Each structure stands twice: as C-alpha cells, then as structure tokens.
Protein chains: 2
Amino acid sequence: MDFYKFYLLFYRNVLYSSKIKNFFDFQLKNLIFVIRIVDIARKANVSPTTVSMVLNYPAEYIPVGEETSQKVLRVAQQLGYCRNDIARAMVTGKSRMVGFVMPSLQEEYVSLILEGILGGAESSGFFVKVLRAPPPKEIHKTIQQWIQMRPSGFICTNLEKSVMDEIHALLARCQIPLVTVDNSFIQPNGTYVISDDVQGIHQAIEHLAALGHSRIGFISGSPQEAWAIRRAEAYQKAMSKLNLSVPEGYLQCIKGKWRDGIDAVVRSLLMRSDRPTAMACAGDWMAMAVIRTAWHLDLHVPRSLSVVGYGNLLFSELTAPPLTTIAQPFAEMGLNAMQHLTQQIEQKKSSALESPLIQHFPTRLVVRESTGPVAKSISHATEF
Amino acid sequence: MDFYKFYLLFYRNVLYSSKIKNFFDFQLKNLIFVIRIVDIARKANVSPTTVSMVLNYPAEYIPVGEETSQKVLRVAQQLGYCRNDIARAMVTGKSRMVGFVMPSLQEEYVSLILEGILGGAESSGFFVKVLRAPPPKEIHKTIQQWIQMRPSGFICTNLEKSVMDEIHALLARCQIPLVTVDNSFIQPNGTYVISDDVQGIHQAIEHLAALGHSRIGFISGSPQEAWAIRRAEAYQKAMSKLNLSVPEGYLQCIKGKWRDGIDAVVRSLLMRSDRPTAMACAGDWMAMAVIRTAWHLDLHVPRSLSVVGYGNLLFSELTAPPLTTIAQPFAEMGLNAMQHLTQQIEQKKSSALESPLIQHFPTRLVVRESTGPVAKSISHATEF
DNA sequence: CTGTTAGCGCATTCAC
DNA sequence: GTGAATGCGCTAACAG
C-alpha cells in the first residue's frame with residue numbers, strides 16, 4: 001500500500017515540528033517497523049548518537065545523563081521502536097546468525113543435535129539458519145549462497161566427504177568459523193565435537209559378551225556412509241579383541257535407503273542354522289528392524305535373541321521390549337559445538353589452528369530389556 | 001587482524017590506477033568478502049549500476065551490452081566477488097528469510113514439517129530460521145527479537161494459545177505474513193494448513209469397529225494440549241456415532257511429559273476384567289507404549305489386543321508388530337505452508353483476509369500388523 | 001544503453 | 001555528556 005510510503009515521508013519531512021504531530025505519532029505506532037533512531041532523537045530533542053547509546057550500551061555504563069536516558073527510553077517505548085538488526089548487522093559486520101548444515105532431518109539424532117545448538121544459540125544471542133546439504137554437483141553454488149548472507153559461523157554434521165571438503169575450503173578462504181559434529185573426516189585444522197564410535201561399539205559388544213554371547217552378529221549401514229564403515233570396523237576389532245570369531249555373513253551392511261531390504265537381510269541371518277544369539281546394530285532403527293523381524297519369526301527377544309541398538313533415540317525406550325542401546329549425548333554435543341563456535345566468533349582467531357581441536361563425548365551403555373543371558377538350552381551346543 | 005583493514009583502504013583509495021594493481025588484485029582474491037560492486041566497476045571501467053544490473057537482473061533481459069556484460073562477469077569472477085545479502089536486504093527491505101516457530105524438535109512430526117518447509121524455501125530462494133517458542137512470560141520480548149531481524153514471514157506449529165495470540169497480534173501490527181500448520185486456535189483472519197483430526201480419529205475407530213471390536217479404549221495426551229483434547233473428543237464422537245459405549249476409564253489422558261506414567265495407566269486399563277480388545281491412540285509413540293505394556297503383560301498384539309497409532313512417523317513401520325496408524329502428510333503440509341507464505345510475501349496483501357484461509361490435508365489409514373479381528377474365543381463374551 | 005546521485009538505518013569516530 | 005559527520009554495500013530513480 002503506497003499510501004504508507006507517502007504518509008511516512010510526509011510525517012518525517014514535514015510534520016516533525018507541527019502542532020498536530022502527537023496525532024501522527026499515535027498513528028505511527030501502528031507501523032512499528034518504520035520508526036528509526038532519528039525519529040526518536042528528533043522527538044526527544046536529542047541527537048541520534050545519544051539515542052543509539054541509550055538503547056544499545058550495557059545498562060551499567062551508559063555515558064548519558066539519567067534524565068536524558070529516561071526521556072529517550074520513554075519516547076522509544078511510546079513510538080514502538082523496533083531496532084533494525086539488518087542495518088545493524090551491515091554496519092557492524094556481525095550478523096549473529098549461524099548456519100546448521102545437515103543432510104536431512106529424517107534422522108532423529110540430527111534433530112537432537114539441532115535442539116542442543118538452539119539452546120546454546122539462545123543463550124548467546126544467535127539465530128540458527130537450517131541448511132540442507134545439496135547434491136555434490138551443486139555444492140559450490142549453494143555454499144556461495146549461504147555465504148552471501150554473511151553468517152557468523154557454521155556447524156556441520158554427517159556430510160559427504162566431497163561436500164565437507166568444499167565447505168572447509170570456502171569457509172577458510174572467507175575466514176568463517178566452522179565446527180563439525182562428526183568424526184568422519186578430520187581435517188588438520190578444524191574443530192570437531194565427536195563421540196567415539198569405537199568405544200561405543202566396544203561397550204555394546206562387551207555387554208553382550210558379558211552375558212555369555214559368543215555368536216554376535218552386526219548390522220551396519222550403507223558402506224558409502226563413513227559412520228557405517230567405522231562402526232563395522234569397530235565391531236570387527238571388538239570381536240577379535242574378545243577372541244570371538246565373526247563367521248561369514250555375521251556382518252551385514254544395509255545398502256540403499258534405510259527401509260529397504262533390511263528385513264530380508266536380517267531374516268536370512270536369523271534363519272541360519274548357526275544363527276547369532278545376539279545382534280548388535282549401528283543404529284537404533286536397525287535394532288528395531290531386527291526386533292520386528294524376530295517377532296515375525298517368533299523368536300523371543302531377549303530369550304532367544306539379544307539385540308543392542310546404537311544412539312538411544314527417544315523412541316528406544318518405547319519398543320517392545322525396551323531397547324538396550326548405546327547412548328550418545330547428542331543434545332550436549334550440539335550445545336558444545338555451539339559454544340565452541342561462539343568462542344571462535346568472539347575471538348576471531350582460532351580459525352588457523354595448528355592441530356585439530358577435538359572435543360570428545362563418551363558414550364554410555366543403557367541396559368533395558370532387549371538383552372539377556374544366552375539361553376544354554378536353545379543354543380546350538382553341538383557346534384562348540 | 002587489522003593489517004587487512006589498512007591494506008584494504010590502501011588498495012581501494014590509492015592503488016586503483018597504479019601499475020602494480022594486478023598484484024594486489026591477486027592478493028585480494030583471498031579476501032572474498034571484501035570485494036564490492038564498486039571495486040568491480042572501477043576495475044572494469046564501468047559504473048556500479050551497470051555491474052549491479054549484470055549481476056542481479058534475470059539473465060533474459062539485462063539492459064546492458066553483451067560486451068560490457070561479459071567484461072563485468074569476468075572481472076567479478078576474477079576478483080572472487082561475493083554479494084553481500086545483508087546490505088541487499090537492508091536496501092530492498094526484503095530479507096528473504098522466514099522463521100519457523102515450534103515448541104521443540106523432540107517430536108518427530110515437527111522435523112517432518114520443517115523438512116517440507118525447507119523444500120519449499122529452497123525452491124523459492126528463502127532461508128529458514130528455526131525458533132523455539134519461549135515460556136509465555138518471555139514471549140513478548142522474544143518475538144520482539146525475532147522481528148528485529150526483519151524476517152519476511154513466519155510459520156508456526158503447535159504453540160500454546162497465549163503464545164499464538166501474542167504472535168498473531170504483533171505480526172499483524174508489523175504486517176508480517178504468518179501461516180500456521182495447526183488447527184488448534186483458528187483466528188478469524190489467519191492462514192492455516194491442517195489435517196483434520198476428527199476425520200483421522202474416525203478412520204481409526206471405524207477400522208477397529210470393522211474388525212469387530214466394540215470395546216475400544218483411547219489414550220490421549222495432556223489435557224493442556226489442544227490436539228489432545230480435540231482427538232479425545234473426536235474419539236467420543238466416533239464411538240457414539242458407531243453406537244459403541246465408552247465405559248468409565250476407557251478414555252485416558254496422559255498428563256505431564258510424555259514418558260512419565262503412561263505405562264501405569266495402560267497397565268491398569270489392560271488388567272481390567274473388561275479390558276478393551278483394541279486401543280486407539282492420539283499419537284504413534286503412545287501406541288508404541290501400549291504395545292510395550294502389552295508385551296510386558298504377555299498380551300499378543302494383534303491377537304489379544306489391536307493397537308492403532310496416529311501420525312505414521314518414520315519408526316511406525318519398524319515396531320514389532322508394524323503399527324497400523326493414521327498418516328498425516330506432514331512434509332507436504334510444511335511445503336504447502338511455505339508456498340502459502342511465499343505467496344503472501346510476494347503479493348503483500350492477503351494479510352487482511354475476511355475469513356481464515358484453511359488448507360485441508362486428508363488423513364489416511366495405513367493398515368499394518370498391529371490390528372486384527374477381535375478374537376471371539378478370548379473376548380469376554382458373557383458381557384454382551 | 002550507461003552514469004550520477006541519493007539514500008536504506010545504524011554505529012563509530014571525533015569534535016565540542 | 002552530547003552532537004555532527006562519515007560510511008557500511010547496495011539499489012533505485014532519474015538523467016544523459
């Protein structure tokens with residue numbers, strides 16, 4: 001509505017010292033946006049500088065007289081002033097906005113990390129922009145667009161290597177801080193918040209071994225995912241450390257999207273004559289799928305099959321039976337990442353570290369009801 | 001590093017026509033941020049306006065000669081120019097950023113909606129800022145902060161009434177478009193993207209009734225949540241429409257946070273002599289909890305108890321047994337909300353509608369394995 | 001087709 | 001303590 005524009009100009013340029021300006025001030029309160037610092041200044045008969053100081057300086061020390069200060073505050077309130085943070089960001093060069101880059105929100109842990117980041121951002125006065133990683137061929141253009149908004153920093157999680165590399169390179173060039181919540185591709189000069197998969201998988205396998213299981217299978221994700229490879233390897237290491245053998249086919253990687261095919265894979269594994277008495281999984285949803293397949297095969301969990309998940313997502317205590325799993329403190333990790341980022345933004349320096357800064361969060365075994373001692377009676381004793 | 005500032009000023013004010021400027025141009029490429037339109041203009045010997053048009057106008061019609069245009073593009077590339085969208089937003093008054101306000105990301109459906117919003121935002125060139133609704137007493141101050149960043153619009157979901165009202169009032173005053181993905185508190189002049197809970201609950205109850213169930217219980221959420229009340233009422237209506245009675249205690253509302261207490265409530269309901277043969281739930285996680293409790297009580301699902309969820313979240317096909325549930329197209333709803341918002345932003349007008357604009361998405365029954373025909377043999381036939 | 005000019009709203013010198 | 005002046009990087013209006 002262009003009337004507003006005219007009205008505004010009229011008000012600002014003509015009416016400031018008119019007798020009827022109070023009426024217009026009243027009208028103006030309905031256009032919050034449009035009140036500027038100079039409007040307050042003119043109405044309060046002080047300089048814009050003074051107004052700016054009163055409104056933005058820390059309350060303890062405002063180099064302005066008490067009386068003036070009060071007057072300014074009153075007028076600002078009365079006119080319904082609303083600071084324009086865009087203009088502010090431009091002139092200060094600080095947008096107080098961080099980008100969170102992730103592949104998709106479909107995985108619950110991403111939400112948990114984001115939740116943590118939001119907590120940290122709120123307490124340090126940042127906003128969080130959510131960004132989805134594009135396919136590798138568009139990555140350069142997309143990052144360019146992200147940078148155009150001049151964010152104060154970025155947090156990444158679970159991206160492909162090519163995407164990660166590109167982000168690293170471009171952000172380093174622009175001196176934008178970056179924190180990664182992921183231990184897939186550690187660069188020599190980055191900041192990383194991780195929880196150790198090797199430790200976590202060891203905890204899972206050791207828990208099963210302590211319950212007497214020796215035939216322990218493992219389900220991991222697509223071999224294109226860094227975490228899937230890492231956890232599969234951790235499984236093999238843990239097994240050999242405990243002197244347990246890994247028969248052919250006990251380690252399965254689910255290819256493709258996560259729903260597809262897992263049932264068939266688990267089913268064939270559980271129908272072997274030397275079927276595992278326990279299954280560890282690289283993710284909670286895989287553990288759920290295993291329990292589901294066991295249910296279909298009338299295998300009782302945990303009497304005939306123990307199952308361990310990985311992640312301790314919210315629903316993992318709601319499964320039947322409640323899932324024993326490895327907890328990763330995603331929210332804390334997100335919070336921590338945000339704190340590191342804030343720190344790097346404030347003291348613009350640590351962008352050129354000598355060695356990577358790695359913040360390590362321990363995993364924790366959460367024992368619920370999906371694991372139990374190996375059942376001697378139904379185990380294939382003859383094979384031992 | 002203050003050397004850069006000096007260097008920059010030196011470059012800009014002294015070196016432009018110097019003989020060694022190519023050397024400095026080369027150096028400057030490492031400071032992407034710092035290249036402005038005027039730098040390109042000076043180097044290419046054209047006016048800033050020309051550069052601006054070449055870089056920003058739609059490629060079809062750039063009112064600039066082909067030769068000039070190419071030169072500008074080449075110089076921009078060579079200097080590594082990166083547009084400053086903050087400055088752009090200030091002068092155009094369009095930040096191309098929308099805020100998504102939600103209570104928490106803990107509920108999976110919020111992530112799904114956000115995913116849809118992101119899809120819409122990417123294709124129309126918006127960024128999405130994620131905002132958590134504060135406690136009601138801080139709401140005014142917080143919204144003020146949100147507005148300071150001059151977002152182009154907001155999308156809300158599942159907020160408390162007091163928060164919703166405040167948002168409505170403040171945004172209307174600032175003429176900021178708002179779309180709500182929720183049908184809790186319909187205001188006379190808002191835009192809403194909803195899926196009809198009444199319809200969905202009816203589908204669930206009818207499905208159970210069609211399987212022969214007549215003793216159908218219902219678990220809903222805290223009576224402080226609008227959706228919980230709505231779905232509970234829909235249950236009662238559906239039951240009476242089907243001429244089924246709702247015995248005392250068949251309708252339970254889970255108070256407090258969602259993990260607490262649900263087991264005890266479900267347990268007492270399932271241990272009654274006239275226990276329900278089927279349970280409908282106001283959310284998938286409640287259905288999971290019911291299945292879990294049934295598992296603990298050695299009640300077979302679906303032979304002894306049928307269970308219907310609500311939401312069709314990702315994990316609902318991974319439960320044991322896979323969950324029959326009502327699908328709500330959250331991602332599509334998010335996308336649709338974003339489209340409506342975009343439209344309102346572009347043609348800045350529909351903010352003052354006569355009547356609310358309500359976009360309605362149908363729910364859909366997804367039959368899996370947690371529901372089955374009522375078992376005559378074990379039902380308490382004497383009671384009929 | 002191209003260039004000149006004037007702001008957008010704010011924060012930061014530096015005078016007084 | 002307060003005010004005047006300058007500029008952040010960009011776009012838009014208008015003039016050539």
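This is a predicted model, so every value here is computed, not measured. Lettering of chains follows the sequences in order, A, B, ..., and the numbering in each one begins at 1.
Put simply, the side chain of B:Arg96 gets close to the backbone of B:Gly125: a donor and an acceptor are under 3.5 Å apart. The backbone N or O of B:Ala44 lies less than 3.5 Å from a partner atom in the side chain of B:Lys71, making a donor-acceptor pair. Listed for the B:Thr142 side chain is a donor-acceptor partner under 3.5 Å among the backbone atoms of B:Glu138.
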Item to complete: Start with the C-alpha gap between A:Asn84 and A:Arg36, add the side-chain angles, then the distance that decides, and say whether side-chain hydrogen bond (donor to acceptor under 3.5 Å, both in side chains) holds.
Response: CA-CA 8 Å; A:Asn84 185 331; A:Arg36 304 163 301 172; over 6 Å; no
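At least one side-chain nitrogen or oxygen of B:Asn56 sits closer than 4.0 Å to the OP1 or OP2 atom of D:dT11. Neither OP1 nor OP2 of C:dC10 sits under 4.0 Å from any side-chain N or O of A:Arg36. Checking the phosphate oxygens (OP1, OP2) of D:dT11, a side-chain nitrogen or oxygen of B:Arg88 falls inside 4.0 Å.
Distance B:Leu55 CG to D:dC10 P: 9 Å, rounded to the nearest Å. We find that OH of A:Tyr57 is positioned 14 Å from P of D:dG1, with the value rounded to whole Å. The interatomic distance linking B:Ile40 (CD1) with D:dT11 (P) rounds to 11 Å, in whole Å. Here C:dC10 presents its P atom at 7 Å from CZ of B:Arg150, a figure rounded to the nearest Å. The separation between B:Arg42 atom CZ and D:dC10 atom P is 13 Å, rounded to whole Å. Atom-to-atom, CD1 of A:Ile37 to P of D:dG7 comes out at 20 Å; the value is rounded to the nearest Å. Whole-Å rounding puts the A:Ile35 CD1 to C:dG9 C1' distance at 13 Å. Rounded to a whole Å, the CE atom of A:Met90 is 17 Å from the P atom of D:dT6.
The only member of A:Val193, A:Asn189, A:Thr191 that meets side-chain contact (heavy atoms from CB on, under 4.5 Å) when paired with A:Leu357 is A:Thr191.
Listed candidates were D:dG7, C:dT2, D:dT11. Nearest to the side chain of A:Val91 is D:dG7. Side-chain proximity of A:Tyr81 to the nucleotides D:dG9, C:dC10, D:dG3 is greatest for C:dC10. Listed nucleotides: D:dC10, C:dT4, D:dG3. Nearest to the side chain of B:Ser47: C:dT4. Proximity note for B:Thr92 (side chain, C-beta onward) versus D:dG9, D:dT11, C:dG9: the nearest is D:dT11.
Mapping B:Thr50 and B:Ala87 onto DNA chain C by nearest heavy atom places B:Thr50 closer to the 5' end of the strand.
One donor-acceptor pair, N or O on each side, does fall under 3.5 Å between the base of C:dT4 and the side chain of B:Thr49.
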